[in-house]
Amino acid sequence: PRRPSGIRQQFGLFGEQQAGEVAQNAGSREAMTTATRTSREECQSRLARHSERERRLARRFTRLVRIQRRSTYIVIGFCVFDPGTAMALIPFAILLLAVLFVRIRIASARYRAHLAAEFYGGALARIEDRWSGRGDPGARFLEANHLFAGDLDLFGQGSLFQFLCAARTPTGKETLADWLTHPGELAEIASRQGAVRELADLDVRERLALLEPDEATHRPDAVNEWGN
């Protein structure tokens with residue numbers, strides 16, 4: 001016997017809804033895959049560019065070191081063996097100062113290129129699931145009697161903290177550890193997510209990664225006093 005048309009229509013509608021949900025989920029997965037692939041390609045491109053810049057600056061730095069060393073030997077040699085020609089060494093002294101100034105600038109630019117390459121190398125490691133064992137594991141933040149930190153692997157090798165942490169100051173690391181172990185209220189979480197979206201731009205994150213924190217002069221208490 002044939003089924004009533006109403007039941008067929010209900011089953012047909014249910015099947016269409018299921019098909020729509022499957023298509024939507026497939027589209028979401030495809031979009032995520034495309035976004036991941038795009039992020040990987042962008043990180044690979046920037047990593048290659050900064051790595052090449054670091055190598056180029058390293059070669060220039062090496063050449064300047066050789067010029068500075070040879071100029072220093074010439075000045076010392078003339079001062080020791082022919083002191084009467086000291087006035088003629090003024091151009092060499094000026095050259096040494098100029099080389100020293102350029103050398104400092106190249107060393108700074110090379111260090112920034114290294115920081116940028118390191119930043120994108122870490123980003124690629126997270127995208128390609130090679131992040132475990134890289135970076136700070138944050139084991140010092142693990143509390144022995146914490147309710148869920150041990151069960152959820154929040155700290156230690158291969159932990160959530162190690163995956164997420166890109167902080168370069170003690171205050172940043174402590175803040176991340178506190179957020180992981182002490183969940184905030186819904187409004188606070190939404191505020192944090194908004195801040196994350198504002199910092200999601202890759203150029204902004206690169207500029208932040210190029211900052212050079214000074215551990216000796218880093219004073220969180222002074223920042224807190226300024227903020228209050």
Check your understanding: Would you say Ser159 and Leu154 make side-chain contact, with heavy atoms under 4.5 Å?
Key -> no
Revision key, fill the gap. Heavy-atom closest pair (Val204 atom, Leu199 atom, distance to 0.1 Å) is CG1-CD2, 4.2 Å
Review point. Is there a side chain to side chain contact (heavy atoms under 4.5 Å, CB included) between Leu124 and Cys43 once you walk through the steps?
Key: CA-CA 6 Å; Leu124 272 175; Cys43 288; 3.8 Å; yes
Exercise for review: Please confirm whether the backbone N or O of Ile104 pairs with a side-chain atom of Ser108, one donor and one acceptor, at under 3.5 Å?
Suggested key: no
Review point. Any salt bridge between Asp201 and Arg197, counting N to O under 4.0 Å?
Key: no
**Study point:** Pair Arg46 + Glu206, salt bridge at N-O below 4.0 Å
**Key:** yes
Point to revise | Short N-O contact, Glu52 and Arg59, less than 4.0 angstrom | key: yes
Check your understanding: Under 6.0 Å from the CZ atom of Phe148, do we count more than 12 heavy atoms belonging to anything else shown?
Key -> yes
Exercise for review: State yes or no: do Phe155 and Leu152 share one hydrophobic cluster built from I, L, V, M, F, W and Y residues joined by side-chain heavy-atom distances below 4.5 Å, directly or via other members?
Suggested key: yes
Check your understanding: Looking at CD of Glu188 and CG of Leu186, how far apart are the two atoms once the value is rounded to the nearest 0.5 Å?
Key -> 10.5 Å
Practice item. Rounded to the nearest 0.5 Å, what's the gap from CG on Asp151 to NE2 on His146? Could you check? Key: 10.5 Å
Check your understanding: Taking the side chain from Arg168 and the backbone from Ala209, do they hold a donor-acceptor pair closer than 3.5 Å?
Key -> yes
Check your understanding: Do the non-hydrogen side-chain atoms of Ser45 and Glu41 ever get within less than 4.5 Å of each other?
Key -> no
Point to revise | side chain to side chain contact (heavy atoms under 4.5 Å, CB included) between Leu160 and Asp153, intermediate numbers included | key: CA-CA 7 Å; Leu160 182 60; Asp153 293 330; over 6 Å; no
**Study point:** Side-chain donor-acceptor pair present, Arg66, Thr62, cut-off under 3.5 Å
**Key:** no
Exercise for review: Report the C-alpha distance between Leu57 and Glu54 in whole Å, list the side-chain angles of each, state the deciding distance to 0.1 Å, and finish with yes or no for side chain to side chain contact (heavy atoms under 4.5 Å, CB included).
Suggested key: CA-CA 5 Å; Leu57 290 171; Glu54 182 183 3; 6.0 Å; no
Review point. When you look at Lys173 and Arg140, which way does the side chain to side chain contact (heavy atoms under 4.5 Å, CB included) test go after all the steps?
Key: CA-CA 11 Å; Lys173 295 177 181 181; Arg140 61 192 177 281; 3.6 Å; yes
Practice item. Report yes or no: do Leu142 and Phe163 belong to one cluster of Ile/Leu/Val/Met/Phe/Trp/Tyr joined by side chain heavy-atom distances under 4.5 Å? Key: yes
Point to revise | Spacing of Phe119 atom CZ and Arg205 atom CZ [to the nearest 0.5 Å] | key: 4.5 Å
Revision key, fill the gap. For Phe61 and Ala107 the tightest heavy-atom approach is CE1-CB, 3.9 Å
Review point. Should the heavy atoms of other residues, nucleotides or ligands under 6.0 Å from CZ of Arg60 be counted, would the total exceed 12?
Key: no
Point to revise | From Arg40 atom CZ to Leu47 atom CG, the distance as rounded to the nearest 0.5 Å | key: 13.5 Å
Check your understanding: Is there a donor in the side chain of Gln162 and an acceptor in the side chain of Arg134, or the other way round, less than 3.5 Å apart?
Key -> no
Review point. Got a second to check how far Leu208's CG is from Asp203's CG, nearest 0.5 Å?
Key: 11.0 Å
Practice item. Nearest 0.5 Å please: distance from the CG atom of Leu164 over to the CG atom of Leu180. Key: 6.5 Å
Practice item. Kindly say whether Ala187 contributes a backbone atom to a donor-acceptor pair with the side chain of Ser191 at under 3.5 angstrom? Key: no
Check your understanding: Does some side-chain heavy atom of Tyr120 sit less than 4.5 Å from a side-chain heavy atom of Leu202?
Key -> yes
Check your understanding: If you take all heavy atoms of Arg53 and Ala113, which pair is closest and at what distance?
Key -> CG-CB, 4.1 Å
Exercise for review: For the residue pair Arg110 and Arg55, establish whether any side-chain heavy-atom pair is separated by less than 4.5 Å.
Suggested key: no
Check your understanding: Linking I/L/V/M/F/W/Y whenever any side-chain heavy atoms sit under 4.5 Å apart, do Leu147 and Phe141 land together?
Key -> yes
Point to revise | Heavy atoms of other groups near Arg105 CZ, more than 12 under 6.0 Å | key: no
Practice item. Determine, using the 4.5 Å side-chain heavy-atom cutoff (strictly less than), whether Leu64 and Leu100 are members of one ILVMFWY cluster. Key: no
